[in-house]
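This report refers to the structure that appears directly beneath it.
To find a chain, count down the sequence lines: A is the first, B the second, and so on, and within it residues start at 1.
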Number of protein chains: 2
Amino acid sequence: MYSFTEENYLKAIYKLSYEQKQSETSTNAIAEELDTRAASVTDMLKKLAEKQLVNYEKYKGVSLSDEGKSVALQVVRKHRLWEVFLHDKLDFGWEEVHEIAEQLEHIQSDRLINRLDDYLGNPKHDPHGDPIPDKSGALFIENYLPLNKVASGQACILTGVSDHSTSFLKSVEKWGLGIGTCLTPGDKNEYDGTLEVELPNGEKIVIGQKSAAHILVKI
Amino acid sequence: MYSFTEENYLKAIYKLSYEQKQSETSTNAIAEELDTRAASVTDMLKKLAEKQLVNYEKYKGVSLSDEGKSVALQVVRKHRLWEVFLHDKLDFGWEEVHEIAEQLEHIQSDRLINRLDDYLGNPKHDPHGDPIPDKSGALFIENYLPLNKVASGQACILTGVSDHSTSFLKSVEKWGLGIGTCLTPGDKNEYDGTLEVELPNGEKIVIGQKSAAHILVKI
DNA sequence: AAATATTTTTAGATAAGTCTAAAAATAATA
DNA sequence: TATTATTTTTAGACTTATCTAAAAATATTT
């Protein structure tokens, strides 16, 4: 149906407009996200606009059309379901699944992805805690809080991370944290921004401001 | 490492030289196998020769180099392991698995395929009975007999099929046959070539010459 | 508002893979 | 062996996706 490249562009636009909480996205942002040049992005945006997958006006930024958004959500669905497969069934760590899922997300077969969904028990979240769109592309977005916004002493549950980089995920793992871990933030060092966090076993760890901002929790 | 297209060419050359039991393969045969034009094949053969993946001399046919054969066998390994996954875990019929595996076979990750292999219990054959190369590309080739060569009254076990077309596989299924079914060929109609076959439950079915030639058995 | 900086787009080139039509080589037949 | 038929290769064009360098538009500063 659509090429790998087209799918990657649509996914990137979806991701950026979601992160920036605005539908319009810039050429440069897409180029950076896809590790390519702005000129290449302009070329592709013209093609996507031709196919009515995006709303694009020269120099004015770009946004997904309904069809484009639907395609992007299907790719996200496939990506996250494959991540669950890799993590739950093949025992890959959460820092390893992303890269392989980048390839698997482009496999074309509705029957395959729906059976995989059932086989995995219709999971609602991927190994990083991100929600998985259903067959129709519907996405249930929960409003998680970054740990650095939680009041001291307020116990909460780790529900996800907003940075999927290997280095960050590895350090989260080293601290013994994972989805579902109960956390209680304690003292915050106003000078260097570090935060003390108490774990269920009573152990106390110290994490930096940047990490605290990328650990998502619910109360 | 290698592109989808390169992998498909190498796999096609491997398949043809295996089927024809000779290492040299013709341009036209490859074109037909890949549903493309002879001119395109010539172009690609030059590139593959450049990369030392094939031994190619103008007008003289082509054969795989050691490296080319190794790549082809890894693709075959991936294809067949994914077929087992689709069949055993996701419950796809044996006539459905080939098409999806054609896509999955190009996913690049040694770690993935080796874990998948373990997860599936290191199967020795795919759902059609074809042998699966091991990590190192070694293939244990059993010498199966087509059913039409088996003597009347000689009981045997269905071990594979040498045609993977949907129409053939569907009719095999309709007869109630599958890998492991015990078959006893009976009378052969010399006029129209049909063969009577007795099943374990005593039922007798009649199959055509062409089908009998594509059902592989061991005694 | 004018000058400068940044972002975005155009123009033209490149690489991978494919195609058609025609030429060259090989194989088959009279 | 000469002629015909088939197979294979070349030549040149097309598509998709990319790039660099330069031009145009928009934003930011002074």
Side-chain angles (χ1 to χ4, degrees), chain A residues 1-14 16-17 19-20 22-64 68 71-72 75 102-103 105-106 108, chain B residues 1-13 16-17 19-20 22-64 67-68 71-72 75 102-103 105-106 108:
Chain A
M1 197 69 175
Y2 299 108
S3 73
F4 280 31
T5 312
E6 288 170 329
E7 288 191 344
N8 282 334
Y9 271 90
L10 294 173
K11 192 178 58 146
I13 297 167
Y14 174 80
L16 291 169
S17 42
E19 282 173 358
Q20 301 163 175
Q22 54 175 27
S23 64
E24 295 292 319
T25 300
S26 78
T27 303
N28 262 357
I30 298 168
E32 185 166 1
E33 172 71 23
L34 293 177
D35 197 24
T36 184
R37 300 298 175 153
S40 311
V41 175
T42 301
D43 286 347
M44 183 54 75
L45 292 182
K46 283 194 223 161
K47 289 177 200 162
L48 294 175
E50 191 72 32
K51 296 185 181 181
Q52 319 235 346
L53 292 165
V54 298
N55 309 113
Y56 169 63
E57 237 187 304
K58 265 194 195 181
Y59 295 104
K60 304 283 184 192
V62 67
S63 64
L64 293 175
V71 173
V75 176
E102 285 286 300
Q103 297 180 62
E105 73 188 5
H106 300 294
Q108 306 279 14
Chain B
M1 198 67 175
Y2 298 108
S3 72
F4 280 32
T5 313
E6 287 170 330
E7 288 191 345
N8 281 334
Y9 272 90
L10 294 172
K11 191 177 59 145
I13 297 166
L16 291 168
S17 43
E19 281 173 358
Q20 298 163 176
Q22 53 175 31
S23 63
E24 296 292 319
T25 300
S26 77
T27 302
N28 261 359
I30 297 169
E32 185 166 1
E33 173 70 25
L34 294 177
D35 197 26
T36 185
R37 301 297 176 152
S40 311
V41 175
T42 301
D43 287 346
M44 182 56 74
L45 291 183
K46 282 194 225 161
K47 288 176 199 162
L48 294 174
E50 191 72 32
K51 296 186 181 181
Q52 320 235 343
L53 292 165
V54 298
N55 310 113
Y56 169 63
E57 236 187 303
K58 266 194 195 180
Y59 295 105
K60 302 285 185 191
V62 67
S63 65
L64 293 175
E67 170 67 7
V71 173
V75 177
E102 285 286 301
Q103 297 181 63
E105 72 188 5
H106 300 294
Q108 306 279 14

Open item on the list: Applying salt bridge (Lys or Arg N to Asp or Glu O under 4.0 Å) to A/E102 and A/K11, what does each step give before you reach the verdict?
Closed with: CA-CA 11 Å; A/E102 285 286 300; A/K11 192 178 58 146; 2.9 Å; yes
TODO: Evaluate side-chain contact (heavy atoms from CB on, under 4.5 Å) for B/L64 paired with B/V71, printing each intermediate quantity in order.
DONE: CA-CA 10 Å; B/L64 293 175; B/V71 173; over 6 Å; no
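Looking at heavy atoms from C-beta onward, A/V41 lies out of side-chain contact with A/E32 at the 4.5 angstrom threshold. Here the side chains of B/V75 and B/L10 are not in contact, with every heavy-atom distance at 4.5 Å or above. A/Y56 places a side-chain heavy atom less than 4.5 Å from the side chain of A/T42.
For the pair B/L53 CG and C/dA16 C1', the computed distance is 15 Å after rounding to whole Å. In this structure, B/L45 atom CG and C/dT18 atom P are separated by 11 Å, rounded to whole Å. Going from atom CD of B/E50 over to atom P of C/dA15 covers 13 Å, rounded to whole Å. Rounded to whole Å, the distance from CD1 on A/I30 to C1' on C/dT7 is 13 Å.
Paired regions of DNA chain C, where each region holds three or more successive Watson-Crick or G-U pairs whose two hydrogen-bonding distances fall under 3.5 Å, are C:1-30 with D:1-30.
Around atom CD of A/E19, more than 12 heavy atoms belonging to other residues, nucleotides or ligands sit under 6.0 Å away. Environment of CD in B/Q108: crowded, with over 12 heavy atoms of neighbouring residues, nucleotides or ligands closer than 6.0 Å.
Take A/S3 and apply the side chain to side chain contact (heavy atoms under 4.5 Å, CB included) test, not counting sequence neighbours, and it matches A/T5, A/E6.
Contacts of A/T27 with the nucleic acid, taken as non-hydrogen atoms under 4.0 Å apart, involve only primed sugar atoms and P, OP1 or OP2.
Of the side-chain N and O atoms in A/K46, one or more sit less than 4.0 angstrom from OP1 or OP2 of C/dT10. A close approach under 4.0 Å does occur between a side-chain nitrogen or oxygen of A/N28 and OP1 or OP2 of C/dT8.
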TODO: Mark up nucleotides 14-26 of chain D, 5' to 3', with B wherever a protein heavy atom is under 4.0 angstrom from a base atom, S wherever such an atom reaches only the sugar-phosphate, and - elsewhere.
DONE: ---BBBB---BSS
